[in-house]
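Please read the structure below before turning to the comments.
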Amino acid sequence: METCYILFGANMGDKNHIFAQACQLINNRCGRIVKVSEAYESEPWGFEADSWFLNRVIVLETELNPECLLVELLEIESELGRVRYADRQGYASRTADLDILYFGNRIINTETLTVPHPRLHLRRFALEPLCEVNPDFVHPILQMTQVELLQLCPDDSIVRVIKSNNDEEL
């Protein structure tokens with residue numbers, strides 16, 4: 001079993017319902033969700049959009065290898081309405097985005113997967129919920145805790161905890 005940290009993000013559709021669906025699919029196919037962060041609202045990062053994002057970190061225990069986990073997460077994104085355009089440059093609004101932030105303490109660099117997530121330390125919307133679920137987890141490359149990464153994060157975008165009335169049982 002490996003403990004993985006997955007970032008959910010969405011700024012289209014019924015974000016809370018889509019998150020609940022994502023968790024159900026992840027539990028059914030990828031392993032066992034042992035913890036989820038509060039819901040965080042964040043302004044779009046790297047592009048302009050009308051809607052802000054809902055972000056949450058999912059802590060998953062899995063027996064899948066990293067590549068198989070990635071394949072499952074990409075399929076789940078697609079089932080939840082995520083459309084990827086091969087010709088589009090940069091970021092775009094989406095119904096579901098599932099990024100592997102950490103896969104245990106592993107350092108992975110393949111054609112399809114880089115873990116830890118290469119821009120994690122630059123993104124407040126990922127670090128805030130990570131600090132909530134495991135503030136002392138040490139980044140295996142940068143050798144800093146999530147709290148230390150957040151303190152040094154150059155991202156000054158707005159990220160705030162939101163209370164959701166639509167949280168369903170995971």
Side-chain angles (χ1 to χ4, degrees), residues 2-47 49-62 64 66-84 91-104 108 112-135 137 139 146 149-150 153 155 157-170:
E2 282 286 0
T3 300
C4 303
Y5 297 85
I6 299 166
L7 180 66
F8 170 86
N11 74 328
M12 295 173 62
D14 183 341
K15 297 174 269 197
N16 287 307
H17 180 70
I18 293 167
F19 174 75
Q21 288 179 304
C23 287
Q24 183 177 28
L25 292 168
I26 289 168
N27 262 330
N28 290 343
R29 296 186 198 170
C30 303
R32 185 172 70 91
I33 294 175
V34 294
K35 192 172 190 178
V36 295
S37 73
E38 293 287 340
Y40 289 78
E41 182 179 52
S42 62
E43 56 187 319
W45 191 92
F47 74 106
D50 293 333
S51 299
W52 282 35
F53 277 80
L54 169 75
N55 293 112
R56 295 182 85 161
V57 166
I58 299 165
V59 183
L60 174 72
E61 288 182 351
T62 187
L64 296 177
E67 293 289 340
C68 288
L69 178 60
L70 176 63
V71 168
E72 289 294 339
L73 294 177
L74 291 173
E75 287 179 11
I76 290 169
E77 284 181 354
S78 180
E79 289 174 33
L80 295 174
R82 171 82 186 261
V83 178
R84 292 180 183 268
Y91 301 107
S93 293
R94 61 210 87 146
T95 55
D97 188 19
L98 295 165
D99 289 334
I100 301 171
L101 302 176
Y102 294 112
F103 196 97
I108 303 164
T112 56
L113 182 62
T114 302
V115 175
H117 191 286
R119 290 172 297 284
L120 168 61
H121 63 289
L122 303 173
R123 296 176 169 179
R124 182 169 297 281
F125 64 85
L127 290 169
E128 294 265 356
L130 269 170
C131 282
E132 177 192 329
V133 297
N134 195 347
F137 184 81
H139 190 292
Q146 303 313 291
L149 291 173
L150 182 58
C153 181
D155 178 9
S157 61
I158 298 169
V159 177
R160 57 186 172 232
V161 175
I162 56 173
K163 296 297 179 195
S164 171
N165 296 330
N166 296 335
D167 269 3
E168 300 172 22
E169 285 297 314
L170 302 178

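Below, all heavy atoms of this structure are taken into account, side chains as well, without hydrogens, waters or symmetry copies.
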Min side-chain heavy-atom separation Leu120-Leu130 under 4.5 Å: yes
Gap separating the CZ atom of Phe53 from the CE atom of Met12, nearest 0.5 angstrom: 9.5 Å
Got Leu54 and Ile162 here, is their nearest side-chain heavy-atom distance under 4.5 Å? yes
Nearest 0.5 Å, what's the OG-CZ distance between Ser42 and Arg123? 10.5 Å
Looking only at side chains, do Tyr102 and Gln146 share a donor and an acceptor under 3.5 Å apart? yes
Take Val71 and Glu67, measure what side chain to side chain contact (heavy atoms under 4.5 Å, CB included) needs, and give me the verdict at the end. CA-CA 6 Å; Val71 168; Glu67 293 289 340; 5.7 Å; no
Output yes when a side-chain donor or acceptor of Ser37 lies under 3.5 Å from a complementary backbone atom of Val133, and no otherwise. no
Distance (rounded to the nearest 0.5 Å) between Glu2 CD and Leu60 CG: 10.5 Å
With no hydrogens and no angle check, is any side-chain donor or acceptor of Glu132 less than 3.5 Å from a backbone partner on Glu38? yes
Decide yes or no for Leu80 and Gln21: does some side-chain heavy atom of the first lie under 4.5 Å from some side-chain heavy atom of the second? yes
Over all heavy atoms of both residues, which pair between Asp155 and Leu122 is shortest? Give the atoms and the distance, please. CB-O, 3.3 Å
Check: Leu7 main-chain N/O paired with Asp99 side-chain donor or acceptor under 3.5 Å: no
Heavy-atom closest pair, residues Ile58 and Phe8: CD1-CB, 4.4 Å
Contact between Ile76 and Cys30 at the side-chain level, heavy atoms closer than 4.5 Å - yes or no? yes
Minimum heavy-atom distance Cys153-His121, with the two atoms named: SG-O, 3.7 Å
Find out whether Thr3 and Asn134 are in side-chain contact, i.e. whether some heavy atom of one side chain is under 4.5 Å from a heavy atom of the other. no
Is there side-chain contact between Val115 and Pro66, with at least one heavy-atom pair below 4.5 Å? no
In the structure I gave you, are the side-chain heavy atoms of Leu73 and Ile26 within less than 4.5 Å of one another anywhere? yes
Under 4.5 Å between any side-chain heavy atoms of Leu150 and Arg124, yes or no? yes
Excluding sequence neighbours, so at least two apart, what forms side chain to side chain contact (heavy atoms under 4.5 Å, CB included) with Glu43? Trp52, Ser157, Ile158
Shortest non-hydrogen contact from Thr62 toward Cys4: CG2-SG, 3.6 Å
Partners passing side chain to side chain donor-acceptor pair (under 3.5 Å) against Thr114 (at least two apart in sequence or in another chain): none
Rounded to the nearest 0.5 Å, what's the gap from NZ on Lys15 to CZ on Arg56? Could you check? 13.0 Å
